[in-house]
Colleague: 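Below is one structure. I have some questions about it.
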Amino acid sequence: MAKYPFKDIEKKWQKRWEDEQTFRAVEDEHFPKEKRRYVLDMFPYPSGAGLHVGHPEGYTATDIYCRYLRMNGYNVLHPMGFDAFGLPAENYAIQTGTHPAVTTYANIDRFRTQIKSLGFSYDWSREVITCDPEYYKWTQWIFLQLFKKGLAYEAEMPINWCPSCKTGLANEEVKEGHCDRCGTKVVRKRIRQWVLKITAYAERLLADLDKLDWPEPIKLMQRNWIGRSEGASVFFKIEGYDEALEIYTTRPDTLFGATYMVLAPEHPFVPHITTPEHRAAVEAYIEEAAAKSDLERTDLAKDKTGVFTGAYAINPVNGARIPIWISDYVLISYGTGAIMAVPAHDARDWDFAKKFKLPIIQVVARPGETGPFDREPEACNEAEGIAVNSGQFDGLPTAQCIARISEWLEERGIGKKTVNYKLRDWLFSRQRYWGEPIPVVHCDRCGIVPLPEESLPLALPEVKSYTPTGTGESPLAAISEWVNTTCPRCGGPAKRETNTMPQWAGSCWYYLRYLDPKNPNALADRSKIDYWMPVDLYVGGAEHAVLHLLYSRFWHKVLYDLGLVNTDEPFMRLVNQGMILGEDNQKMSKSRGNVINPDDIVENYGADAMRVYEMFMGPLEVSKPWSTAGLVGVSRFLERIWAISERPLVEEPLAPEIEKLLHKTIKKVTNDTATLNFNTAISQMMIYSNELSKLETIPRAAWEPFVLLLAPYAPHLGEELWEKLGHEGSVSKAPWPAYREELTCDDEKEIVVQVNGKVRSKFTAPAGTSKEKLIEMAKRAEKIPEWLSGKEIVKAIAVQDKLVSFVVR
RNA sequence: GCGAGAGUGGUGGAACGGCAGACACGCCAGACUUAGGAUCUGGUGCCUUUCGGCGUAAGGGUUCAAGUCCCUUCUCUCGCACCA
């Protein structure tokens, strides 16, 4: 028996698909809107390490789905490209002097070859590369629109700085106080930065999550990241100081329990209100806090620190004179950077009050708690309850009390309802070389002036050294002939912006460029956007939950507001594929030596085996370990299919059992493919092929539909078998097989008989036998009379086609 | 600490509230070849000689019936982390 010649087959069909442009997507108006699908993969960053086995997992899933859709009469857009700006190429350039573009394009060529070797049905004519000037021209163009709308601004502020990458980072790029990319502890640094006003979209980014078919955990992460909270701001008068101190609280009902105030050390009031005798201590504390990184501040969370300023505020509800402290447990970046402290009902305030022996007054009672409430409570209680010690508000439940006190404050002009978000504006500039130049100039006379749109792209110039300066300037700052330019507005001397955009910029809108990748006049023609958008299915890793997936939603909404796109959300459905771990159940990494190279798998087992194995491993969404033994099992499955195809094909009617199994198989593979449950679809195909392999001759009617089912999963083998069956043209354009419902169920059903919940017997009955009849039959079933003898049947339950359950006493 | 998800054979994993372990790997036995990561057949959760009993992280509950629904606990993974 000839072995399955996967190498020849795969090469042959890949060439044919390329020559015949089999998977080219065309905006054909004959397909109504509901028969069009845009299926998107998260495009890869072409690292020097080459493709990882994790990439083909998502790509295979979408590819199977796309092939399935095409066979079902859909016009499918399925593109691929490269996210090509980024630090690794730049770091390599620093070490070797090789231009990042050289490395990047070499890596792209390798990635493209590797991806093509797996036989994915991409329309390669739409490929985009984010570092291509014709691409980033439009990234820059979008930046200019943001700038013109006031959504991009310059600010000098303390930011997250990675001392190793020598660049600023967005909040989203900091994980547990460390640089998400290199793991170095981030420090705070105050420098001039470009910032995007994503906070202006906070409410919409939050609300519109409700319309998305995304995994709940991802939506929840975005909700938490946006961090909306409702509360009130309250103004407190300060003794001997004109300006009132504004604080934010989510629990205005606890106002009577505010026994002290806390300001962030950076709060602008601090120098003004601090009394002379406390000045030295306050200044020392501020200095200490400034030297700490955010991580160090949170590491010390358990042990609260702080100093008294000597100043007092007046509690507006009861006129109480309460001390003002500073402490780094209050963050300058959230709310107003100042709080009223209610130690009885806030754990942090409780800790602080205990440590510094500040008074604690209970103002919320637990339901049923009777008091007395005139002494210090034993423990902090953050739960809702009934107001006590709160003057005219006593007796109100928390929710009502919040409403009443808020009204009371508003009437007197000393407070108002407020909404706060944890989301911060997006720090958008990087002090690095390999990114999109920000297309503005700084003119002494005109200030910040955007470049005219016609002048784009503003190309990234050649530099002698890629090494970041570390001073807060990018390597571009060293090229004086590039930096020094003229102002497009006044013609006077001006300096170019030397910061570049972050890696996320290019990926914020790439799905739109696929629609019209060569368009020199627009980021994409509106008719093409209307034809394909929004993306119906987006598959990729969960690591971008609050990075790419949040940023691109933001940009898309801006483009929507500008009237440039047809929907206010880009990705209707999102699926996160799980991680593929090493055979040792650990994350694959060079240092662990557990990395599997897809090239080796394709070389030794073939692309189809790789694809089918990765889909057979388990559900798409979960993490699972690689197993070469498992791969061999799938390889055997394909070998068996090839062996069947070598047997004589006969034009004979099907045996009833085979016909039933065929229709069951079509049904299961159809449903499971449509719902992305590929592992169970494959197992059904295995069951079917195991049956067929028992036959000496293969009836065409049993074989042809199976080849069609297999084709999206193992496309090279599918094409070859289709051709062997005498068909011309690609199997990818053949219609998906249909099943007859009546042939998917058995005529005879095995009925289980339970007595007191335990299975005691089984019998077969014709499908659809009535419940009464089943119970009669069950009483006579093997061994059942013995189980029932001498007992009283209390209850008999029958489930049609399934079981009979007796309850006896 | 808070939030989310997950715990099923030796392994990856199946299972509309209805026979737990489909399919695959591995292992055992046999056949055929006589080794080129073979192929085919049969077996394979645990205990028990049989009848049968026990089994889905642990404990409890609802139900004729629970891996599946509810409560409590434990473990692991991920996310956030003094957000007032």
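Since this is a predicted model, take the numbers as computed values, not measurements. Throughout, protein chains are lettered first and strands after them, A, B, ... in sequence-line order, and every chain is numbered starting at 1.
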Colleague: Would you kindly give the CG-to-P distance between Asp801(A) and G17(B), to the nearest whole Å?
Modeller: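 Answer to the nearest Å: 17 Å.
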Colleague: Classify Val262(A) by what it touches in the nucleic acid, base, sugar-phosphate, or nothing, heavy-atom distance under 4.0 Å.
Modeller: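 No contact at all - Val262(A) keeps every heavy atom at 4.0 Å or more from the nucleic acid.
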Colleague: With a 4.0 Å cut-off on heavy atoms, is Ser627(A) in touch with a base, just the backbone sugar-phosphate, or nothing at all?
Modeller: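 Result for Ser627(A) = nothing.
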Colleague: Please report, rounded to the nearest Å, how far the P atom of G1(B) is from the CG atom of Asp346(A).
Modeller: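 Spelled out: CG on Asp346(A) to P on G1(B) is 18 Å.
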Colleague: Between A38(B), A84(B), C64(B), which one does the side chain of Tyr248(A) approach most closely?
Modeller: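 From the listed options, A84(B) comes nearest.
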Colleague: Let's see if you can work this out: which of G18(B), A84(B), C23(B) has an atom nearest to the side-chain heavy atoms of Ile339(A)?
Modeller: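 Of all the options, the side chain of Ile339(A) is nearest to A84(B).
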Colleague: Looking for any heavy atom pair under 4.0 Å, which part of the strands does Asn420(A) touch: base, sugar-phosphate only, or nothing?
Modeller: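 Touches nothing.
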Colleague: So what does Ile687(A) hit on the nucleic acid, given a heavy-atom distance under 4.0 Å: a base, only sugar-phosphate, or nothing?
Modeller: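 Touches sugar-phosphate only.
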Colleague: Decide side-chain contact (heavy atoms from CB on, under 4.5 Å) for Glu382(A) and Cys380(A); before the verdict, give the C-alpha distance in whole Å, the side-chain angles of both, and the deciding distance to 0.1 Å.
Modeller: CA-CA 7 Å; Glu382(A) 295 187 325; Cys380(A) 175; 4.1 Å; yes
Colleague: Using the glycosidic torsion, which applies to G55(B): syn (within 90° of 0) or anti (everything else)?
Modeller: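 G55(B): anti.
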Colleague: Under 4.0 Å: is that the gap between some side-chain N or O of Lys175(A) and OP1 or OP2 of C80(B)?
Modeller: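 Lys175(A) to C80(B) OP1/OP2: side-chain N or O found under 4.0 Å.
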Colleague: What is the nucleic acid contact for Glu750(A), judged by heavy atoms within less than 4.0 Å: base, sugar-phosphate only, or nothing?
Modeller: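 Since a base atom lies under 4.0 Å of Glu750(A), the category is base.
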Colleague: Could you list the residues that satisfy salt bridge (Lys or Arg N to Asp or Glu O under 4.0 Å) with Glu776(A), not counting sequence neighbours?
Modeller: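 By the salt bridge (Lys or Arg N to Asp or Glu O under 4.0 Å) rule, Glu776(A) matches Lys779(A).
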Colleague: Could you run down the sub-3.5 Å N/O contacts of the protein with nucleotides 9-16 of chain B?
Modeller:
residue, atom, partner, partner atom, Å
G12(B), O2', Met617(A), O, 2.7
A14(B), OP1, Asn679(A), ND2, 2.9
C16(B), N4, Lys802(A), NZ, 2.8

Colleague: Within the 3.5 Å criterion, strictly below it, is a donor on Trp787(A) or Ser789(A) matched to an acceptor on the partner's side chain?
Modeller: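 No, Ser789(A) and Trp787(A) have no side-chain donor paired with an acceptor closer than 3.5 Å.
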Colleague: Tell me whether the OP1 or OP2 atom of U39(B) has a side-chain N or O from Arg636(A) closer than 4.0 Å.
Modeller: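 For U39(B), OP1/OP2 do have a side-chain N/O of Arg636(A) under 4.0 Å.
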Colleague: Rounding to an integer number of Å, can you tell me how far Lys219(A) NZ sits from G3(B) P?
Modeller: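 Whole-Å distance recorded here is 20 Å.
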Colleague: At less than 3.5 Å, do the side-chain atoms of Gln684(A) and the base atoms of C23(B) form a donor-acceptor pair?
Modeller: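 Answer is no: no donor-acceptor pair is held.
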Colleague: How long is the line joining CE of Met686(A) and P of A24(B), in whole Å?
Modeller: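 Computing the Met686(A):CE to A24(B):P distance gives 6 Å.
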Colleague: Could you state the atom-to-atom distance from OH of Tyr688(A) to P of A24(B) in whole Å?
Modeller: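 It is 16 Å, rounded to the nearest whole Å.
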Colleague: Assign Ser229(A) to base, sugar-phosphate, or nothing according to its heavy-atom contacts below 4.0 angstrom with the strands shown.
Modeller: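 Here Ser229(A) touches the backbone only, sparing every base.
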Colleague: Does this structure show an ion pair linking Arg424(A) with Glu172(A), if we count only N-O contacts that are shorter than 4.0 Å?
Modeller: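 No, Arg424(A) and Glu172(A) are not salt-bridged.
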Colleague: Return yes if a side-chain donor-acceptor contact under 3.5 Å exists between Ser761(A) and Glu782(A), otherwise no.
Modeller: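 The criterion, which ignores hydrogens and geometry beyond distance, is not satisfied for Glu782(A) and Ser761(A).
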Colleague: Parallel, tilted or perpendicular for Trp504(A) and His544(A), by the 30°/60° rule?
Modeller: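 Ring orientation, 0 to 90° scale: perpendicular.
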Colleague: Would you mind classifying the nucleic acid contact of Gly633(A) as base, sugar-phosphate or nothing, using non-hydrogen atoms under 4.0 angstrom?
Modeller: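 Sugar-phosphate: the residue Gly633(A), judged by heavy atoms under 4.0 Å, touches backbone atoms but no base.
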Colleague: So, does the side chain of Lys795(A) form a donor-acceptor pair with the base of C64(B) at under 3.5 Å?
Modeller: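 Absent.
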Colleague: Please determine whether a side-chain nitrogen or oxygen atom of Tyr334(A) lies at a distance below 4.0 Å from atom OP1 or OP2 of A84(B).
Modeller: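 Answer yes for this pair, as a side-chain N or O of Tyr334(A) is under 4.0 Å from OP1 or OP2.
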Colleague: Does Asn224(A) have a side-chain nitrogen or oxygen under 4.0 Å from the phosphate oxygens OP1 or OP2 of A81(B)?
Modeller: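 Asn224(A) to A81(B) OP1/OP2: no side-chain N or O under 4.0 Å.
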Colleague: Return the value, rounded to whole Å, for the distance between atom CD1 of Ile641(A) and atom C1' of A24(B).
Modeller: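 Spelled out: CD1 on Ile641(A) to C1' on A24(B) is 14 Å.
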Colleague: Is Leu331(A) touching bases, backbone alone, or none of the nucleic acid, heavy atoms closer than 4.0 Å?
Modeller: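 Contact class for Leu331(A): base.
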Colleague: Classify the ring geometry between Trp325(A) and Phe356(A) as parallel (under 30°), tilted (30 to 60°) or perpendicular (over 60°).
Modeller: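 Judged by the thresholds at 30° and 60°, the geometry between Trp325(A) and Phe356(A) is tilted.
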Colleague: For Ser233(A), run the side-chain hydrogen bond (donor to acceptor under 3.5 Å, both in side chains) check against Thr418(A), Thr336(A), Thr249(A), Asn420(A) and tell me which one passes.
Modeller: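 With Ser233(A) as partner, Thr418(A), Thr336(A), Thr249(A), Asn420(A) yield a single side-chain hydrogen bond (donor to acceptor under 3.5 Å, both in side chains), made by Thr418(A).
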Colleague: Protein-nucleotides 47-54 of chain B N/O pairs closer than 3.5 Å?
Modeller:
residue, atom, partner, partner atom, Å
G53(B), OP1, Arg760(A), NH1, 3.3
G53(B), OP1, Arg760(A), NH2, 3.0
G53(B), OP2, Arg760(A), NH1, 3.2

Colleague: Expressed as a whole number of angstroms, how long is the span from Trp350(A):CH2 to G1(B):P?
Modeller: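 Atom CH2 in Trp350(A) sits about 19 Å away from atom P in G1(B).
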Colleague: Any side-chain donor paired with an acceptor under 3.5 Å for Glu583(A) and Thr628(A)?
Modeller: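 Side-chain D/A pair, Glu583(A) to Thr628(A): present.
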Colleague: Check the orientation of Tyr613(A) and Trp626(A). Use parallel for under 30°, tilted for 30 to 60°, and perpendicular for over 60°.
Modeller: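 Rings of Tyr613(A) and Trp626(A): perpendicular, as their planes differ by over 60°.
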Colleague: Please report, rounded to the nearest Å, how far the C1' atom of C40(B) is from the CD atom of Glu691(A).
Modeller: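 Between C1' of C40(B) and CD of Glu691(A): 15 Å.
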Colleague: Base, sugar-phosphate, or nothing for Val342(A), non-hydrogen atoms under 4.0 angstrom?
Modeller: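 Nothing, no nucleic acid heavy atom in range.
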